[in-house]
Engineer: 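One structure follows; several queries about it will come next.
Basis for what follows: all heavy atoms, side chains included, without hydrogens, waters or symmetry-related copies. Chain naming here is simple, since letters A, B, ... match the order of the sequence lines and numbering starts at 1 in each.
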4 protein chains.
Amino acid sequence: MGKGRLEAFSDGVLAIIITIMVLELKVPHDVSVQALAQLWPVFLSYALSFIYVGIYWNNHHHMLHVTQKVAGGVLWANLHLLFWLSLFPFATGWMGENHFAALPTALYGVVLLMAAIAYWLLQQCIVAVNGPECALALAVGSDWKGKASPLFYLAAIPLASVSPWISCALYVAVALIWLVPDRRIERRLAADA
Amino acid sequence: MGKGRLEAFSDGVLAIIITIMVLELKVPHDVSVQALAQLWPVFLSYALSFIYVGIYWNNHHHMLHVTQKVAGGVLWANLHLLFWLSLFPFATGWMGENHFAALPTALYGVVLLMAAIAYWLLQQCIVAVNGPECALALAVGSDWKGKASPLFYLAAIPLASVSPWISCALYVAVALIWLVPDRRIERRLAADA
Amino acid sequence: MGKGRLEAFSDGVLAIIITIMVLELKVPHDVSVQALAQLWPVFLSYALSFIYVGIYWNNHHHMLHVTQKVAGGVLWANLHLLFWLSLFPFATGWMGENHFAALPTALYGVVLLMAAIAYWLLQQCIVAVNGPECALALAVGSDWKGKASPLFYLAAIPLASVSPWISCALYVAVALIWLVPDRRIERRLAADA
Amino acid sequence: MGKGRLEAFSDGVLAIIITIMVLELKVPHDVSVQALAQLWPVFLSYALSFIYVGIYWNNHHHMLHVTQKVAGGVLWANLHLLFWLSLFPFATGWMGENHFAALPTALYGVVLLMAAIAYWLLQQCIVAVNGPECALALAVGSDWKGKASPLFYLAAIPLASVSPWISCALYVAVALIWLVPDRRIERRLAADA
């Protein structure tokens, strides 16, 4: 089974998710700096989610680059990941419109957590299909980033009731950790060449 | 005629359908667990339709994988399928917003039925173009899934007036039957290799 | 210059246009057969526009299939076509929501006319780049369909003030003429093979 | 790392941006020439932004055509460009709905400026990865267009408070400068062949 269509479909869904999120940045009806300033939290939450979707696209790109075989289970693990990513516009909009209130900020963390678990499941599924000696398995190695991120989210969700800003700081911290593209895979490829 | 653009266009439309459906999950204006809880039926109907579109994408992917020739008629049979699939967001939104009321739940079944018929027509059309000995014809075989699904929908539509939950149970049952990717085609391919 | 990205971008825009049009089919707030029946004109206008976009996609697909060279001018002629096609959702929504009133039905014809002219310009542009002996020039031949369609639209636009149904009949007639895929190109390809 | 998926993802996002902008052209509720005439500024701003996105797509297409290597930094420089382009629908809608008022017209210039800077950064990033003797570096040369455009925007932003029409004239002027596809790259390719 070719991975081309899997990549194309995922790219399509990710491209639409990233662009649909901007629709939450609703055009204000009046012309004033105040009207624009009120959109500030929506803009910030949009920028954060844009970076997250960008990270997922980037890592997805790297992961499939070193994948050989794509069997039936991988297609569904991929759709499962896209399902949770498709909830980003909703979670982002609710958090932004309510100026980072506790409950929406916690829900944002839940969606991040589910997407992280789905990504990890997809990775396991690809390794299961391609064998423990496949390029992806070797490149990912101990995968401390993939293991640390859910812990950050798990901490951030209840902490939103203390202060949503702590949760947001944790979300930003995880984004910064991942912002560096998955050098493990690039290094592995360079070592093989 | 190359099938590449047919796949790309279908992927594009399916990716947009799957993502547009999430727009029915409208961001609530107030911050409360109740506001979120009220979205529960919309979320459930979204998840069900996401799985259905995923099944269609998956089977479409498998079907075109074993297709050799794509003539004019196939392009239109494919557009016909996409037409009915494009009504999923509407049917899903109406059913979810009205908490699975009888009429919207029946209409959802009508759209599922039309999509199933359109998929069957597309399959017949591809077999007609590629000959009765083509890989798809051999792989599909007796096609009991394709024949049983419309019967389930036909039963579910009138039963919605008795209880929409019976209809929903039937929709979920069909989804579960299909959730397993089309092993017939994978098995056939393995047998040929 | 490769035509792959031109096809991919056009497919993307056409896929989004076709799917965005369905958003005009707004989910009714109440649950009744009447609420659904009121959507009938919107549904009909959506179906007509879906077929039109399908025709454009189909013919675009055939046209680029026999195109060799894609120079700068072709990219802009293609964007010009996409511009007018991108107005389909607006024109369709206005016509459907106002139950085929005279003015929106005339405007729909204007958009159809502009898209037809843009398609013809793109065809001329490709022939100019590829030479009068190229496959497209030979396949298109006298191009009576391409020449007749704008005349139909030109007649339909003023006739909407007499009766929008005459205009609609003309729009449907043109769609039926084109619904047959561009056999000229397929025949030509078969003759060459 | 293949550039195919980078192109596909960018095409997807650009296709969606260009089509989402048309959603700001909201279907009027009444049927009259006046209702349509009121949409004139929204239509004009849509047409201007359509041309701008077309220019970006065109130049992006040319730039990646002569790019050999796509490393991690390029992926993020590309996402950064897409981020600013994704704000086009918002800036376009606000400017059009407020009939080219001073503040939205200035904000439109800010988004144009940021996109131009992001495009320049992406170009620098590609040249850094591919070396100063790469095809892109030679083709771009002194890049007077890329250097002049931000100056036009920088002038247009404050001038909007004097008269938004001066700003708009500057935006149109820059669009006209770029409307010609990047002949530098085409000429370079022809010279190499």
Engineer: Is there a side-chain contact (heavy atoms from CB on, under 4.5 Å) between A:Y46 and A:E24 once you walk through the steps?
Structural biologist: CA-CA 8 Å; A:Y46 170 61; A:E24 290 299 327; over 6 Å; no

Engineer: Considering all heavy atoms of both residues, which atom of A:H60 and which atom of A:Y119 are nearest to each other, and what is their separation?
Structural biologist: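 In this case the closest contact between A:H60 and A:Y119 is N-OH, 3.8 Å.
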
Engineer: Quick check on B:V33 against chain A: is it the side chain, the backbone, both or neither that has a heavy atom closer than 4.5 Å?
Structural biologist: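 Both parts, backbone and side chain.
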
Engineer: Would you check if there is a donor-acceptor pair between the side chains of B:S45 and B:Y108 at a distance under 3.5 Å?
Structural biologist: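 No, no side-chain donor-acceptor contact under 3.5 Å.
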
Engineer: Pick from B:P28, B:S32, B:A47: which one has the most heavy-atom pairs with chain A under 4.5 Å?
Structural biologist: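 That would be B:P28.
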
Engineer: Measure distances from A:L82 to the heavy atoms of chain B and classify the residue's part below 4.5 Å as side chain, backbone, both or neither.
Structural biologist: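 Both backbone and side chain of A:L82 come within 4.5 Å of chain B.
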
Engineer: With distance as the sole criterion, is a donor-acceptor pair present between the side chains of A:W178 and A:N59 under 3.5 Å?
Structural biologist: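 Judged by distance alone, the side chains do not pair up.
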
Engineer: Between B:W94 and B:L103, is the side-chain contact (heavy atoms from CB on, under 4.5 Å) condition met? List the steps.
Structural biologist: CA-CA 9 Å; B:W94 204 35; B:L103 187 62; 3.7 Å; yes

Engineer: Quick check on B:V22 against chain A: is it the side chain, the backbone, both or neither that has a heavy atom closer than 4.5 Å?
Structural biologist: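 Only the side chain of B:V22 comes within 4.5 Å of chain A.
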
Engineer: Decide if the gap between the ring center of B:W76 and the ring center of B:H80 is smaller than 6.0 angstrom.
Structural biologist: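 Aromatic pair excluded; centres sit 6.0 Å or further apart.
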
Engineer: Determine the option with the most heavy-atom pairs under 4.5 angstrom with chain A, choosing from B:I20, B:V31, B:I16, B:D30.
Structural biologist: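 So the answer, after comparing B:I20, B:V31, B:I16, B:D30, is B:V31.
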
Engineer: Counting only heavy atoms closer than 4.5 Å, note whether B:L64 contacts chain A via side chain, backbone, both or neither.
Structural biologist: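 Looking at B:L64, just its side chain touches chain A.
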
Engineer: Using side-chain contact (heavy atoms from CB on, under 4.5 Å) as the criterion, point out the one residue from B:I117, B:L81, B:V127, B:L79 that pairs with B:L122.
Structural biologist: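 Among B:I117, B:L81, B:V127, B:L79, the one meeting side-chain contact (heavy atoms from CB on, under 4.5 Å) with B:L122 is B:L81.
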
Engineer: Non-hydrogen atoms of chain A under 4.5 Å away: do they reach the side chain of B:I18, the backbone, both or neither?
Structural biologist: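 Only the side chain of B:I18 comes within 4.5 Å of chain A.
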
Engineer: Is chain A contacted by the side chain of B:A8, its backbone, both, or neither, given a heavy-atom distance below 4.5 Å?
Structural biologist: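 No part of B:A8 comes within 4.5 Å of chain A.
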
Engineer: Would B:N78 and B:S10 count as having a side-chain donor-acceptor pair, cut-off 3.5 Å?
Structural biologist: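 Present: a donor and an acceptor within the cut-off.
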
Engineer: Which atoms of B:I55 are under 4.5 Å from chain A, going by heavy atoms: the side chain, the backbone, both sets, or neither?
Structural biologist: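 Looking at B:I55, backbone and side chain both touch chain A.
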
Engineer: Chain B heavy atoms under 4.5 Å from A:I17: which part of the residue, side chain, backbone, both or neither?
Structural biologist: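 Its backbone and side chain both get close to chain B.
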
Engineer: Shorter than 4.5 Å, heavy atoms on both sides: which option in B:L25, B:L39, B:V53 has the most such pairs with chain A?
Structural biologist: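 Heavy-atom pair counts peak at B:L25.
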
